[in-house]
There are 2 protein chains.
Amino acid sequence: MPALVEATRSKATRLSDLEVESIEMFINFLRLLGWPKSVGEIYGLLFVSAGPLAMDEIMARTGMSLGAASQGLKLLREFGAVRTVYTPGARKDHYVASGELSRFATSYIEEELLPRMRTAQERIQRMERMMQSLPEYDRQLPAERMDRLKYWLGKGQKVVPWLVKFLKL
Amino acid sequence: MPALVEATRSKATRLSDLEVESIEMFINFLRLLGWPKSVGEIYGLLFVSAGPLAMDEIMARTGMSLGAASQGLKLLREFGAVRTVYTPGARKDHYVASGELSRFATSYIEEELLPRMRTAQERIQRMERMMQSLPEYDRQLPAERMDRLKYWLGKGQKVVPWLVKFLKL
DNA sequence: CGAATCTTTCAATAACAAATGAAAAATTCA
DNA sequence: TGAATTTTTCATTTGTTATTGAAAGATTCG
């Protein structure tokens with residue numbers, strides 16, 4: 001039996017109330033950003049962990065599968081929400097939660113919200129061009145709504161960079 | 001054959017480029033708030049519509065089912081994103097898109113984000129109490145992370161009401 | 001009132017997203 | 001180098017959410 005799987009079986013200690021509380025909190029928050037439950041589990045566990053944890057420990061404690069642990073950690077690493085720490089004499093990677101919680105919010109804004117706002121901007125331009133060829137009567141209402149949309153998008157574009165700066169500290 | 005279904009079949013005119021553009025835009029935006037595609041389709045269509053549309057027209061134009069149209073319109077009505085207008089001599093309800101786009105953002109903040117922040121607040125208090133019983137050494141790191149979380153949550157709680165006010169005009 | 005029309009509901013189905021775990025790839029150690 | 005260990009990948013399975021459409025419910029009109 002491979003060592004990793006063996007460890008997973010034998011080390012399956014129950015989660016403490018503290019860990020459960022933390023995990024639930026992050027599952028809920030990260031779901032808001034469209035992240036799967038497994039990612040919340042990993043981060044929540046690491047958040048209240050006294051020291052770095054290896055992947056097999058995360059698997060054992062949460063009961064999640066190899067693939068979910070690997071992919072979740074990869075994702076969290078990419079977002080800078082988790083990092084590996086050097087552990088002398090250890091072969092496995094060991095992970096700690098980064099304290100930079102704002103990364104979750106800012107990466108959401110930068111990678112989800114802002115791109116969509118840019119796309120919307122382009123769409124609006126195309127739509128206004130298309131509306132030129134509508135008869136005056138058909139143009140009226142949509143044109144008013146477009147104006148409101150542009151106004152609101154402009155607001156968003158003003159507030160978002162400010163918000164990012166504010167969240168980053 | 002019921003009149004509604006008959007109408008649905010016969011009126012299935014192709015969507016204009018303008019309508020497609022609008023629909024795609026709103027599908028993308030509303031997905032961000034966790035709303036299903038069908039809702040984006042309805043709102044996007046109404047947004048560029050020159051006049052009120054009845055449910056069967058929405059079904060015919062988008063090709064969506066009776067149930068999806070009914071449920072989507074109900075949802076949009078509840079959020080105040082769509083409203084019915086009086087149409088003399090008409091039996092069917094007729095819908096228009098409300099110009100109040102900020103409703104989407106503010107309802108998301110008020111109904112999704114804020115409740116979770118409140119829950120998090122409670123969890124944090126419980127977690128701090130639980131951490132009392134940890135040995136000093138095990139408490140150190142989690143305690144630091146908790147401080148950062150509290151700091152960040154406090155920031156969020158300050159900025160959100162301000163943001164809501166800003167978006168509401 | 002009662003027939004016709006319109007709207008909502010909801011059980012069944014389809015579409016989609018997440019989790020699993022075996023196999024491949026990469027890394028480490030002797 | 002090569003055996004052991006660790007990590008990643010990805011086809012399959014499982015679970016969740018959205019859509020469908022028939023039936024029930026509500027409304028309108030004569």
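Labels below follow one simple rule: chain letters A, B, ... track the order of the sequence lines, proteins then strands, and each chain is numbered from 1. Hydrogens, waters and symmetry mates are skipped; everything else that's a heavy atom, side chains included, is used.
- When the side-chain contact (heavy atoms from CB on, under 4.5 Å) test is applied to A:Glu100, the partners found at least two apart in sequence or on another chain are A:Ser98, A:Ser102, A:Arg103, B:Arg148.
- Evaluation of the side-chain contact (heavy atoms from CB on, under 4.5 Å) rule for B:Ile27 yields B:Ile23, B:Lys37, B:Glu41 as partners, not counting sequence neighbours.
- As rounded to whole Å, 16 Å separates atom P of D:dG15 from atom CD1 of A:Ile27.
- In this structure, CE of B:Met64 is placed 8 Å from P of D:dT20, rounded to the nearest angstrom.
- We find that CE of B:Met55 is positioned 15 Å from P of D:dT19, with the value rounded to whole Å.
- Using a distance-only test at 3.5 Å, with no hydrogens or angles considered, no donor-acceptor pair links the side chain of B:Lys150 to the main chain of B:Ile124.
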Protein-to-nucleotide contact annotation, 5' to 3' order, nucleotides 24-30 of chain C [B base; S sugar-phosphate only; - none; under 4.0 Å, heavy atom]: ----BS-
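- Each of B:His94 and A:Trp35 was matched to the nucleotide of DNA chain C holding its nearest heavy atom; the match closer to the 5' end belongs to B:His94.
- In this structure, A:Lys37 atom NZ and D:dT14 atom P are separated by 16 Å, rounded to whole Å.
- With rounding to whole Å, A:Met59 atom CE is found 9 Å from C:dG21 atom C1'.
- Note: CG (A:Leu66) to P (D:dC10) measures 15 Å, nearest angstrom.
- Only B:Ser70, B:Gln71, B:Lys74, B:Arg77, listed by number, bring a heavy atom of residues 69-82 of chain B to less than 4.0 angstrom from any atom of DNA chain C.
- For the OP1/OP2 pair of C:dA18 and a distance below 4.0 Å, the side-chain nitrogens and oxygens of A:Ser38 include no atom meeting the criterion.
- Along DNA chain D, the nucleotide nearest A:Gly67 and the nucleotide nearest A:Arg31 are compared for position; the residue whose nucleotide lies closer to the 5' end is A:Gly67.
- A:Trp162 and A:Met117 fall within a single hydrophobic cluster, where Ile, Leu, Val, Met, Phe, Trp and Tyr are joined by side-chain heavy atoms under 4.5 Å apart, directly or via other members.
- In this view, B:Lys168 and B:Thr106, B:Glu110, B:Val164 satisfy the side-chain contact (heavy atoms from CB on, under 4.5 Å) rule, not counting sequence neighbours.
- Between B:Phe26 and B:Tyr43, the ring planes lie perpendicular to each other; the angle is over 60°, past the 30° to 60° tilted range.
- Atom CD1 of B:Ile42 is separated from atom C1' of C:dT7 by 13 Å (rounded to the nearest Å).
- Taking every side-chain heavy atom of A:Ala68 into account, C:dA19 is the closest of C:dT8, C:dA19, D:dT19.
- In this entry the distance linking OH of B:Tyr86 with P of D:dT28 reads 11 Å, nearest Å.
- Remark: B:Ser65 is not in phosphate contact with D:dT19, judged by side-chain N or O atoms under 4.0 Å from OP1 or OP2.
- In this structure, B:Glu112 pairs ionically with B:Arg116, as a charged nitrogen and a carboxylate oxygen lie closer than 4.0 Å.
- A donor-acceptor contact shorter than 3.5 Å is absent between the side chain of A:Ser22 and the backbone of A:Leu18.
- A:Glu144 meets the side chain to side chain donor-acceptor pair (under 3.5 Å) test with no other residue; sequence neighbours excluded.
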